[in-house]
K.L.:
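Here it is: the structure, laid out below.
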Amino acid sequence: MKLLPFESNLWEIFTGAYGNVCEEVRIIMGDVDKIPPQTKLRRLETEEKEDVQIAYDNLIENLWHQMSFYPATYLAMPYLVKYLEKKEAAGDFDGQLLVISNMGIVLATDFPSNKEERILKLEELESGEIIDSYKESIFILQEKTKKFLDTYQYKIKDLDPNTKSEFLTALLAILGDREAAHVFVMSGWQEFSIFCSHCEYDECIDFSDLSDPEFRKMFTPASAKPWDLRSFDDTFIWYSHVLRSLGADNEADILSYCYGTFTCPECGASGIAMDFMKCCWDMYD
Ligand SMILES: [Zn+2]
C-alpha cells in the first residue's frame, strides 16, 4: 500500500465534497509543525474540540457528505489505515472504534451506481497505483476490523445503541455488501424506501413494529441459517450471526425481513426485500 506524497498535484484532482483534503490528512498524520485553526464543517455540532479532532471530522465529512462518493476517498483511505494502526498500537479502543465506524460508512458510498460518470472516467485515467493502494487499504482494514471484533467483542456488546448501530453498519460495508450498508445508513434501520420496478410502487416503510399485520402482509422473514465462521459471501448468513453474537437482536430481526421476501401490495410481484430497497438509488439518478 502506497501513500500519495503530500506534494502531489493529484490532491487537486481527487477532491472531497468541499475540495482538496490534503491539509486535513497532513494534520491527522502529524505532518505539520503548527496546526492552523480549523473551522468545523459540521456547523451544528456544539461539542468543544481540539483543532486536530476538527481536522479529522472535516476529513470524514468531505468523504461521506450526503452519502455520495468522492474521489478523495481513494487518497485518504490508505492514510486512514495508517491512522488506525496508530490507534491500534496504542491499544485505544474508542479511537479504533471511531475510525473503523467512520471508514465503514465512507466505504458504504463506494458502489458503481453511486458514482457519477466523471468519477468513473477519473478511475479509468488514473487507475493503477492509486486504485491498487486503495484496494489494498480496504483489505488491511478488513483484517484489522476482524481482529478488533475478536479482541473487543464484550466491549462492543456494551456500547450505547447509537454508537453500536453505526459500528454494525460500518461492519457490513467493510466485510460484506457496501450497497446494502448504504441502505441501512439511509434508513437508519427504521424507515426503508421500497421501489417496485414492475409497477413503480414507491413507499417508505416503517420497520419499527415487525408484528404489525399490514407489515406482515408485505414481508416474510428469512429463516436463520448456520455460519461456518469464515465466509462473508452470503450477507444474511454471516451478518445475522455477528449481529446476534453482539447482542443486536433488534437489528438481526430487521435484517431477517430485509433478506426475506417482499410482496408488492400494488402488483403482487415478489422477491428478496433488499433488492427492492437497492432499486431506490437507481430511481433517483
Ligand atoms: Zn409492484
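Because only heavy atoms are used, hydrogens play no part in the values below, and waters and symmetry mates are left out as well, while side chains stay in. Whatever order the structure lists ligands and atoms in, that order sets their numbers, starting from 1.
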K.L.:
Quick one: which residue pairs count as a salt bridge (charged side-chain N to carboxylate O under 4.0 Å, His left out) with a foot in residues 59-74, not counting sequence neighbours?
P.N.:
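Qualifying pairs: R42-E61.
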K.L.:
Do the ring centers of F192 and F219 come within less than 6.0 Å of each other?
P.N.:
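Ring centres of F219 and F192 not closer than 6.0 Å.
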K.L.:
Hey, could you give me each pair passing salt bridge (charged side-chain N to carboxylate O under 4.0 Å, His left out) that has a residue in residues 86-107? Not counting sequence neighbours.
P.N.:
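Salt bridge (charged side-chain N to carboxylate O under 4.0 Å, His left out) check on residues 86-107 returns E88-K144, E88-K147.
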K.L.:
Between K49 and D57, is there a salt bridge with N-O shorter than 4.0 Å?
P.N.:
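Looking at D57 and K49, the cut-off is met.
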K.L.:
Only pairs at least two apart or in different chains count here, so list each ring pair (Phe, Tyr, Trp, His ring centres under 6.0 Å) that has a residue in residues 21-52.
P.N.:
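Checked against ring pair (Phe, Tyr, Trp, His ring centres under 6.0 Å) - neighbours excluded - no pair reaches residues 21-52.
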K.L.:
What protein atoms of element N, O or S are positioned under 2.8 Å from the Zn ion (ligand 1)?
P.N.:
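Counting only protein N, O or S atoms under 2.8 Å from the Zn ion (ligand 1), the list reads C196 SG, C199 SG, C264 SG, C267 SG.
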K.L.:
Can you check whether P5's main-chain N or O pairs, donor with acceptor, with W11's side chain at less than 3.5 Å?
P.N.:
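Yes, because the side chain of W11 sits within donor-acceptor range (under 3.5 Å) of the backbone of P5.
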